[in-house]
Number of protein chains: 2
Amino acid sequence: MSKQPKYQQVADALRREIDNGTYGPGARLPSEAELATRFEASRNTVRSGLNLLVSQGLITSSQGLGYEVRKHEVFELNASRFENLQFPQNGDAYSTDVTNAGRRPHQTFRVELATTSEQIAQRLEVEAGSRSVLRFCHRFVDDVPWSTQATHYPDWLLQKAPRLAEPGDIAEGTTRYLAGLGVEQVGYADEIATRMPTPEEARLLEIGPGVPVMLWTRTGYTADRPVRCTVTTFRGDLNRMNYEIGDLSARNENEAQ
Amino acid sequence: MSKQPKYQQVADALRREIDNGTYGPGARLPSEAELATRFEASRNTVRSGLNLLVSQGLITSSQGLGYEVRKHEVFELNASRFENLQFPQNGDAYSTDVTNAGRRPHQTFRVELATTSEQIAQRLEVEAGSRSVLRFCHRFVDDVPWSTQATHYPDWLLQKAPRLAEPGDIAEGTTRYLAGLGVEQVGYADEIATRMPTPEEARLLEIGPGVPVMLWTRTGYTADRPVRCTVTTFRGDLNRMNYEIGDLSARNENEAQ
DNA sequence: TGGGTCCACATGTACCAACAAGTTGAGCGA
DNA sequence: TCGCTCAACTTGTTGGTACATGTGGACCCA
């Protein structure tokens, strides 16, 4: 005999029923009161069980409406396409991808001077606390917050490329702008991490409980040294990152069919 | 006036104090009773606030002990090193990395025949429900569960490579074994996703509440077609995935110093 | 018919009470 | 001194109550 706590039994039973399709994606669960009757438990106990499933990202709750099984819709991000290395200007690949998927992109943008944090400084190989330019982008798909992107450029680059610090978009893209000034990026170092969002991130991305964020840090290098560091924060439940390594002609031929 | 709920105020206040260092990593928080006095709230209300921070991965709780600020220790995974493409045999890169970090690796292993799930079948380009070989690996670092790895091989490969279906390790590594039989992998397609763990995953990886998992799916291709699909599940709080794209000689020279 | 009110029902917040169960250290006894 | 018991303190579980707040449909009235 296991003698699990009652709220665990409630959570397990509901998870099973969601897994086996009794409650499909988008379906509404019985109300707390009904579940309390069914499981012969108090409303508080049922709430504990439901809260568990909410914090595991399986269901959502809305006041006045009830509990719903979460729908999962995944957006694919291709991080290693050759085109991205060639023309990875801000927002362009994003706009194209989103439009191709039949969705409507939209973004806000701002530029500011910042003091470089420890994490960024290490990647840019500059001193922590030194000045850097931060170009910040908040992206939406069909008016749903999708990602935030913060790109840092080191101070020394500003003498060569003053437009980086000017507010407003750089029409031809920052990478092409830099390349035109002789600062050509030849390689990237990508890092991918995941964790639960901070309240600030949860607000910007409108993430409910139980949804992690995916952090994508891309440091761009010239032949000599790092020239920029981009930290992109995605909703973890809506995105998948893709990399291709080596020769994948077999795969890409099949996909082209 | 905002009029936030009281349990939110508790969570926010504690988060601020954790962020500003009042409670550093590993520090013990005041007990529920003390916090209840401080915030002039009931124990239940304080518990709601603490529970929020737990499910956000900021703190942990243990019965009889109290609440602790979570420590974060990150392990780096290099997914795109050239050596990995050449000799990516099961466990070898892992053992080497872990030993180099001064930690003690340890793993359990099992082989079984499985029916191919929809997700795997699509990647292996075989029919869903068909037979495949599953080689499963459960890895530990210093006896702490670290990752689970499930590699699927398609049925048609077994005629060429019967040892895949035999229980027990393949000493020279599966990739080298396959290469010796003329099945040489020339490229990988990697996918990275994140979500909250299922109860099963939480059990295997001993993950507490508030910690997401990172899912790394690697499909290996010969020049003709996919020959294997590996799904690795990591604790999201302890791992970071790294990729290098293009020419990073500048970076690697610096790191070699 | 159009529009607004209001009620029924959903979850959200907050409190109280009691007991279960894990941890630690003080203190006692051999 | 060693080892055991036990008390005190911790969080975990479960029940209860009351009221706040958001949602949607029934209903009534102009």
Side-chain angles (χ1 to χ4, degrees), chain A residues 1-14 18 23 26-70 199 202-203 206-210, chain B residues 1-15 18 23 26-70 199 202-203 206-211:
Chain A
M1 180 57 189
S2 61
K3 186 48 197 165
Q4 263 192 318
K6 206 183 270 189
Y7 76 94
Q8 267 285 357
Q9 297 176 25
V10 172
D12 289 350
L14 290 175
I18 290 169
Y23 302 108
R28 204 159 144 282
L29 260 50
S31 73
E32 293 175 350
E34 291 176 76
L35 292 172
T37 306
R38 170 180 159 192
F39 290 104
E40 293 179 9
S42 73
R43 188 182 158 217
N44 277 345
T45 302
V46 170
R47 275 179 71 82
S48 295
L50 288 165
N51 190 27
L52 209 58
L53 298 182
V54 168
S55 73
Q56 291 170 353
L58 199 65
I59 62 177
T60 62
S61 72
S62 347
Q63 189 171 356
L65 285 173
Y67 292 82
E68 257 193 21
V69 179
R70 182 168 255 145
R203 193 178 57 78
E206 286 174 20
I207 311 189
Chain B
M1 180 56 189
S2 60
K3 186 46 194 163
Q4 262 192 319
K6 206 183 271 188
Y7 76 95
Q8 267 286 356
Q9 297 176 25
V10 172
D12 289 349
L14 290 175
R15 177 180 277 276
I18 290 169
Y23 302 108
R28 202 160 146 281
L29 260 51
S31 74
E32 293 175 351
E34 290 176 77
L35 292 173
T37 306
R38 170 179 160 194
F39 290 103
E40 293 179 8
S42 73
R43 187 182 159 217
N44 277 347
T45 301
V46 170
R47 276 179 70 82
S48 295
L50 288 165
N51 190 25
L52 211 56
L53 298 182
V54 168
S55 72
Q56 292 170 353
L58 198 65
I59 60 177
T60 61
S61 71
S62 348
Q63 189 171 357
L65 284 174
Y67 291 82
E68 257 194 21
V69 180
R70 201 188 277 277
R203 194 178 56 78
E206 286 174 21
I207 311 188
V211 179

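Just so you know, these numbers come straight off a predicted model, no measurement behind them. Lettering follows sequence order; numbering is per chain, from 1.
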task = Kindly point out which of D:dT14, C:dT11, C:dC15 is positioned nearest to the side chain of A:P5?
result = D:dT14
inquiry  = In this structure, how many angstroms lie between the P atom of C:dT11 and the CG atom of A:L35, rounded?
reply    = 8 Å
request  = Check whether any side-chain N or O of A:S31 sits under 4.0 Å from OP1 or OP2 of C:dC9, and answer yes or no.
outcome  = no
query = Taking C-beta and beyond as the side chain, do A:L35 and A:V10 meet within less than 4.5 Å on heavy atoms?
reply = no
request  = Remember a base hit wins even if backbone is also touched, and classify B:S62 as base, sugar-phosphate or nothing at under 4.0 Å, heavy atoms.
outcome  = sugar-phosphate
query = Considering only side-chain heavy atoms of A:N44, which listed nucleotide, C:dT13, C:dC15, D:dG16, is closest?
reply = D:dG16
Length of the line joining A:K3:NZ and D:dG12:P, which is rounded to integer Å = 17 Å
task = Output the single nucleotide from C:dG12, C:dA14, C:dC15 whose closest atom is nearest the side chain of A:S61.
result = C:dG12
ask   = Expressed in angstrom and rounded to an integer, what is the separation of B:E32 atom CD from C:dA21 atom C1'?
value = 14 Å
query = Just how far, in rounded Å, is C1' of C:dT11 from CD1 of A:I59?
reply = 12 Å
ask   = Hey, does B:R15 have a side-chain heavy atom less than 4.5 Å from the side chain of A:P199?
value = yes
ask   = How many Å lie between CD on A:Q8 and C1' on D:dT14, as a whole number?
value = 14 Å
query = How close or far is atom P of D:dA8 from atom CG of B:L65, stated in whole angstroms?
reply = 19 Å
ask   = So does A:T45 get a side-chain nitrogen or oxygen closer than 4.0 Å to the phosphate oxygens (OP1/OP2) of D:dG15?
value = yes
task = Let me know the distance between CZ of A:R43 and C1' of D:dA18, rounded to the nearest Å.
result = 11 Å
inquiry  = Would you say that A:L50 contacts A:L29 through its side chain, given a criterion of any heavy-atom pair below 4.5 Å between the two side chains?
reply    = yes
ask   = Any side-chain N or O of B:S42 under 4.0 Å from OP1/OP2 of C:dA14?
value = no
B:E68 CD - C:dT23 C1' separation (whole Å) = 13 Å
ask   = Of the nucleotides C:dA14, C:dA20, D:dA20, which one has an atom closest to the side chain of A:Q63?
value = D:dA20
inquiry  = Let me spell it out: for each of B:Y67 and A:G64, pick the nucleotide of DNA chain D with the closest heavy atom. Which residue's pick is nearer the 5' end?
reply    = B:Y67
ask   = Side chains of A:Y67 and A:V54: closer than 4.5 Å at any heavy-atom pair?
value = yes
inquiry  = On the nucleotide D:dG15, are OP1 or OP2 found under 4.0 Å from the side-chain N or O atoms that A:Y7 carries?
reply    = no
inquiry  = For a 4.5 angstrom cut-off between non-hydrogen side-chain atoms, does A:Q8 reach A:L52?
reply    = yes
message = Strictly below 4.0 Å: does A:S48 bring a side-chain N or O up to OP1 or OP2 of D:dT14?
response = no
request  = Tell me whether the OP1 or OP2 atom of D:dG12 has a side-chain N or O from B:R47 closer than 4.0 Å.
outcome  = yes
